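Here the structure comes first, spelled out in structure tokens, and everything after it is commentary.
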2 protein chains.
Amino acid sequence: MSVPLSEAERRISVFSQALRRSGLRLTHQRLEVARELAGDDTHPDVEKIYEGVRRRVPTISLDTVYRTMGALVELGLVDRVNATPGPTRYDANPTRHHHFVCTRCGLIRDVYSGDLDGVRVPDETHAMGTVESVKVQLRGICAECSRKMRTRH
Amino acid sequence: MSVPLSEAERRISVFSQALRRSGLRLTHQRLEVARELAGDDTHPDVEKIYEGVRRRVPTISLDTVYRTMGALVELGLVDRVNATPGPTRYDANPTRHHHFVCTRCGLIRDVYSGDLDGVRVPDETHAMGTVESVKVQLRGICAECSRKMRTRH
DNA sequence: GTTACTGCAAACTTTTTGCACGACA
DNA sequence: TGTCGTGCAAAAAGTTTGCAGTAAC
């Protein structure tokens with residue numbers, strides 16, 4: 001949803017090459033999971049990915065989707081997004097970005113911002129460990145939920 | 001763990017008042033859960049809180065802890081921290097802060113930083129919805145895990 | 001032809017819920 | 001005393017795992 005076709009195709013190709021390069025087999029199921037992720041920027045959970053793939057591969061099982069997601073995370077191709085309660089959601093966007101999270105409906109939208117990318121790690125944290133990534137989470141209520149709340153109350 | 005006693009006492013008092021003010025009953029169990037949270041800044045999960053309280057109230061049940069945490073979140077006294085896979089962790093620190101998260105062991109440490117507090121919400125996000133809080137997550141490997149990795153490999 | 005992957009089923013972990021008894025206000 | 005909260009048990013939700021057959025290389 002709303003990932004440009006060229007970008008989606010590029011992602012599928014990256015996925016395929018990364019699987020092959022790491023010695024994993026490029027199965028029909030894995031390719032279709034990759035295809036599903038490549039075109040979806042709504043940060044879907046496993047169930048949603050499963051439903052999407054099942055339209056094209058009706059025999060795929062939920063546990064294969066779980067295992068495929070595990071492999072893609074392991075390879076660093078996909079991130080787990082733990083921003084909401086409930087099922088784990090996945091992020092296949094390799095471009096540096098941050099997240100707007102609706103605390104009401106669980107919507108997660110990618111936010112691109114040079115300012116946010118520029119956030120500096122405080123010196124204080126060096127004693128805690130090595131920082132590998134800085135992610136800004138903007139939590140609030142999405143426009144759709146605001147509208148619904150205004151209408152009902 | 002490492003919450004000053006004065007701050008812990010202040011938190012217990014805030015919890016008690018908030019429960020009363022909202023018409024909820026101040027039960028023995030709720031008070032002991034509050035006491036447990038007040039002195040713990042490790043962002044414990046329900047199981048950990050349960051174990052702690054059980055030392056003082058051996059008859060408390062796990063589902064009461066779940067229900068109490070739900071109530072405290074509802075009242076805005078506690079935040080759910082969804083930064084790690086596995087059980088939901090809770091944050092009873094009312095002071096503005098951010099998180100260092102170890103992706104290896106799940107350690108979460110509070111980070112206080114004027115720079116991070118000053119992060120501005122990009123204009124772009126106004127179309128997405130209303131931002132209520134900005135949280136920076138510093139993900140990496142904690143000192144303890146780094147040490148263990150160096151020793152073994 | 002091997003070996004890794006899949007689908008099935010069952011188990012496991014985390015969280016929620018219905019109900020009857022007990023405790024707070 | 002009335003009602004809300006608790007503990008128990010069971011169920012629901014989300015995820016992982018063992019195994020035998022199947023498909024990728």
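Here the structure is a predicted model, which is why all the values come from computation and not from measurement. First the proteins, then the strands, lettered A, B, ... as listed; each starts at 1.
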Quiz prompt | Among D:dA24, D:dG7, D:dG5, the nucleotide that comes nearest once only the side chain of A:H28 is considered | solution =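 Comparing D:dA24, D:dG7, D:dG5 against the side chain of A:H28, the answer is D:dA24.
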Quiz prompt | Out of C:dG7, C:dA25, D:dT6, whichever nucleotide has its closest atom nearest the side chain of A:I60 | solution =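 For A:I60, the side-chain atoms sit closest to C:dG7.
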Quiz item: Within a radius of less than 6.0 Å around CG of A:D115, do more than 12 heavy atoms belonging to other residues, nucleotides or ligands occur?
Solution: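 Counting other residues, nucleotides and ligands, CG of A:D115 stays at 12 neighbours or fewer.
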Quiz prompt | DNA chain C: 5'-proximal contact among B:P87 and B:R20 (nearest heavy atom) | solution =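 In this pair, the answer is B:P87.
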Expressed in angstrom and rounded to an integer, what is the separation of [X] atom [atom1] from [N] atom [atom2]?
X: A:E47; N: D:dA13; atom1: CD; atom2: P; value: 11 Å
X: A:L19; N: D:dA24; atom1: CG; atom2: P; value: 14 Å
X: B:R25; N: C:dC24; atom1: CZ; atom2: P; value: 9 Å
X: B:R30; N: D:dG7; atom1: CZ; atom2: C1'; value: 14 Å
X: B:Q29; N: D:dT6; atom1: CD; atom2: C1'; value: 6 Å
X: B:L26; N: D:dG5; atom1: CG; atom2: P; value: 11 Å
X: A:R89; N: D:dG14; atom1: CZ; atom2: P; value: 12 Å
X: A:Y50; N: C:dT6; atom1: OH; atom2: P; value: 14 Å

Self-check item: A:H126 (side chain) donor-acceptor with A:E124 (main chain) under 3.5 angstrom
Solution: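 Pair absent, no side-chain N/O of A:H126 close to backbone of A:E124.
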Quiz prompt | Basic-acidic side-chain contact under 4.0 Å: A:R56, A:E36 | solution =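 The answer is yes: the pair qualifies as a salt bridge.
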Quiz prompt | A:T27 vs D:dA23: side-chain N/O to OP1/OP2 distance below 4.0 Å | solution =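 No, because none of the side-chain N or O atoms of A:T27 sits under 4.0 Å from OP1 or OP2 of D:dA23.
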Exercise. Establish, with yes or no, whether the OP1 or OP2 oxygen of C:dT15 is under 4.0 angstrom from a side-chain nitrogen or oxygen of B:T88.
Key: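 For B:T88, the contact criterion (side-chain N or O under 4.0 Å from OP1 or OP2 of C:dT15) is met.
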Quiz item: Will you find, in the side chains of A:D117 and A:H98, an N or O donor that is under 3.5 Å from an N or O acceptor?
Solution: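 Looking only at side-chain atoms, A:H98 and A:D117 do form a donor-acceptor pair, the distance falling under 3.5 Å.
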With 3.5 Å as the limit, what N/O pairs link the protein to nucleotides 16-19 of chain D?
none

Quiz item: If you look at every heavy atom in B:I108 and B:H43, which pair is closest and at what distance?
Solution: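 Scanning both residues, the minimum pair turns out to be O-ND1, 3.0 Å.
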Quiz prompt | Spacing of CD belonging to B:Q137 relative to NE2 belonging to A:H99, to within rounding of 0.5 Å | solution =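 Atom-to-atom, B:Q137:CD and A:H99:NE2 are 11.0 Å apart.
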Quiz prompt | Contacts of type side chain to side chain contact (heavy atoms under 4.5 Å, CB included), residue B:Q29, not counting sequence neighbours | solution =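 Listed in chain order: B:T27, B:I60, B:T64.
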